[in-house]
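Here the structure comes first, spelled out in structure tokens, and everything after it is commentary.
This structure is a prediction, so every number in the text was calculated from the model and none was measured. Chain letters run A, B, ... following the sequence lines, proteins first and then strands; every chain starts at 1.
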Number of protein chains: 2
Amino acid sequence: MVAQSKATQGGESLLFLTDEQLRKGIEAMFFAYRAFTADPDRILENHEYGRAHHRAIHFINRQPGLTVNALLSTLGVTKQSLNRVLRTLVDDGLVEARVGRRDKRERNLFLTEKGAMLERELSDAQRARMRAAYRAAGPAAVAGFRQVLEAMMDPDIRRQYQAIKDGAA
Amino acid sequence: MVAQSKATQGGESLLFLTDEQLRKGIEAMFFAYRAFTADPDRILENHEYGRAHHRAIHFINRQPGLTVNALLSTLGVTKQSLNRVLRTLVDDGLVEARVGRRDKRERNLFLTEKGAMLERELSDAQRARMRAAYRAAGPAAVAGFRQVLEAMMDPDIRRQYQAIKDGAA
DNA sequence: ATTTTATGTCAGCGATGTTGACTTTCCAAG
DNA sequence: CTTGGAAAGTCAACATCGCTGACATAAAAT
């Protein structure tokens, strides 16, 4: 039996890798991720959209003008799967797909005003929860949180994640 | 609502709550969770099971003898949804559902030897990634990681999560 | 001129979530 | 003892969102 709750500071750098500690981390990821998606999910219900629509909207908002292929590889789904989602968003007037200037095969994706409104509604809810968690845990905990999450990612994805700098507004 | 511009700066304890910082945290959750589930998902493919089976197996292993109702509320799904998964696990001989001793309406769930084998295979893979991330980030980061995740959970779930003590083998 | 790339689309399948309705079993309270 | 309700199981229908495979079109690249 390992006592840990409040005592993971200091120098016990050998204790924290027990299977029980790892199990706690695994369950923390499960429960926290469910909470993390709960608020947007509630909003999306009213709009007849799902989590996949949210993800597409998020990344189009982050990088306006990105191509379908780029979005595809960021989301890690097939083009058929993304296309189903993207089509409804375009049809409903939330996303605009402009033919590429240089390469006319490409489609550059942008949020319309309507799309940007939904994006704000979704990310406001998600940020509110994240902000509350950050405040409750404090700056040092936040740094550790990000470090562990980054270390958990696959290397290619981590590079993609880090490529978009923090101030990239 | 909108950006907490740098006007609200005063010390570095306020800086970390900009919308950009929060967005990074949100994306870190998304990418890390995908990595987190990737290894078990690969294993499950070979067994014709899905992520839902993994979750059921995990929690039955953690609390042998727990009832269907308890598992239901831990997983946060409907009994119909869980039942479909549970039935295949029982039929395939991975899970045993014993009639409750005190209350015969209840079913106490246990992993069989075969079920325990799959559980080990799955959790070994997941723990390996978690262990690597913990090692890379260091003990202080791990503490912060857990703190933020716990703060993100809904209060009821957090209590449920914390109720199972670290040494609960 | 041919090949490759980017995108879109159709069809079908599988896992996993949902609601609603109904049954059986059995504990517990009137 | 009877009755109400809790625990569990089941059937049907549906939605989202992954997947594969096949095929079409346009445009860039060779």
Side-chain angles (χ1 to χ4, degrees), chain A residues 30 33-34 37-38 40-60 65-92 95-110, chain B residues 30 33-34 37-38 40-60 65-92 95-110:
Chain A
F30 170 62
Y33 194 77
R34 196 170 57 189
T37 57
D41 283 355
R42 259 189 298 277
I43 294 169
L44 290 158
E45 270 178 17
N46 311 328
H47 293 75
E48 308 203 314
Y49 293 135
R51 213 172 278 182
H53 299 85
H54 180 194
R55 293 198 282 257
I57 287 173
H58 173 95
F59 286 106
I60 293 172
L66 93 171
T67 65
V68 173
N69 241 345
L71 182 54
L72 225 48
S73 82
T74 298
L75 295 177
V77 298
T78 60
K79 83 181 160 180
Q80 293 91 330
S81 195
L82 175 59
N83 204 258
R84 184 167 39 195
V85 165
L86 222 41
R87 190 170 45 212
T88 71
L89 291 174
V90 170
D91 287 353
D92 295 354
V95 167
E96 192 186 348
R98 296 184 205 149
V99 172
R101 284 184 306 110
R102 289 174 315 189
D103 188 332
K104 292 183 188 168
R105 291 171 305 179
E106 294 183 342
R107 299 288 181 280
N108 297 111
L109 303 170
F110 299 88
Chain B
F30 170 61
Y33 194 77
R34 197 170 58 189
T37 56
D41 283 354
R42 259 190 298 275
I43 293 169
L44 289 158
E45 270 177 18
N46 311 328
H47 293 73
E48 307 204 315
Y49 293 135
R51 213 173 279 182
H53 299 86
H54 180 195
R55 294 197 282 256
I57 287 174
H58 172 96
F59 286 106
I60 293 172
L66 93 171
T67 64
V68 173
N69 241 346
L71 182 54
L72 224 49
S73 82
T74 297
L75 295 177
V77 298
T78 60
K79 83 180 160 181
Q80 293 92 329
S81 193
L82 175 59
N83 206 259
R84 185 167 36 196
V85 164
L86 222 40
R87 190 169 45 210
T88 70
L89 291 174
V90 170
D91 288 352
D92 295 353
V95 166
E96 193 186 348
R98 295 185 205 150
V99 172
R101 285 184 306 109
R102 289 173 315 188
D103 189 333
K104 293 182 187 169
R105 291 170 304 181
E106 293 182 343
R107 298 288 181 279
N108 296 110
L109 303 171
F110 299 88

Span of DNA chain C, from the first to the last nucleotide whose atoms fall under 4.0 Å of chain A heavy atoms = dT5(C) to dC10(C)
Between R84(A) and R105(A), whichever has its closest DNA chain D nucleotide further toward 5' is R84(A)
Write down the distance between CD (E48(A)) and C1' (dC14(D)), rounded to a whole number of angstrom.
-> 13 Å
Should H53(A) be listed as having a side-chain N or O under 4.0 Å from OP1 or OP2 of dT16(D)?
-> no
Nearest-nucleotide 5' precedence on DNA chain D, R107(B) against D103(A) = R107(B)
H54(A) NE2 - dT16(D) P separation (whole Å) | 17 Å
Rounded distance (Å) that lies between atom P of dC17(D) and atom CG of L86(A) | 13 Å
Please confirm whether the backbone N or O of L75(A) pairs with a side-chain atom of R34(B), one donor and one acceptor, at under 3.5 Å?
-> yes
Residues in contact with DNA chain D, drawn from residues 69-80 of chain A - heavy-atom cutoff 4.0 Å = G76(A), V77(A), T78(A), Q80(A)
Whole-Å distance between dT10(D) C1' and D91(B) CG?
-> 13 Å
Give R87(A) one of three labels, base, sugar-phosphate or nothing, depending on what nucleic acid heavy atoms sit under 4.0 Å from its own.
-> sugar-phosphate
Separation between CG of L66(A) and CD of E106(A), rounded to the nearest 0.5 Å = 10.0 Å
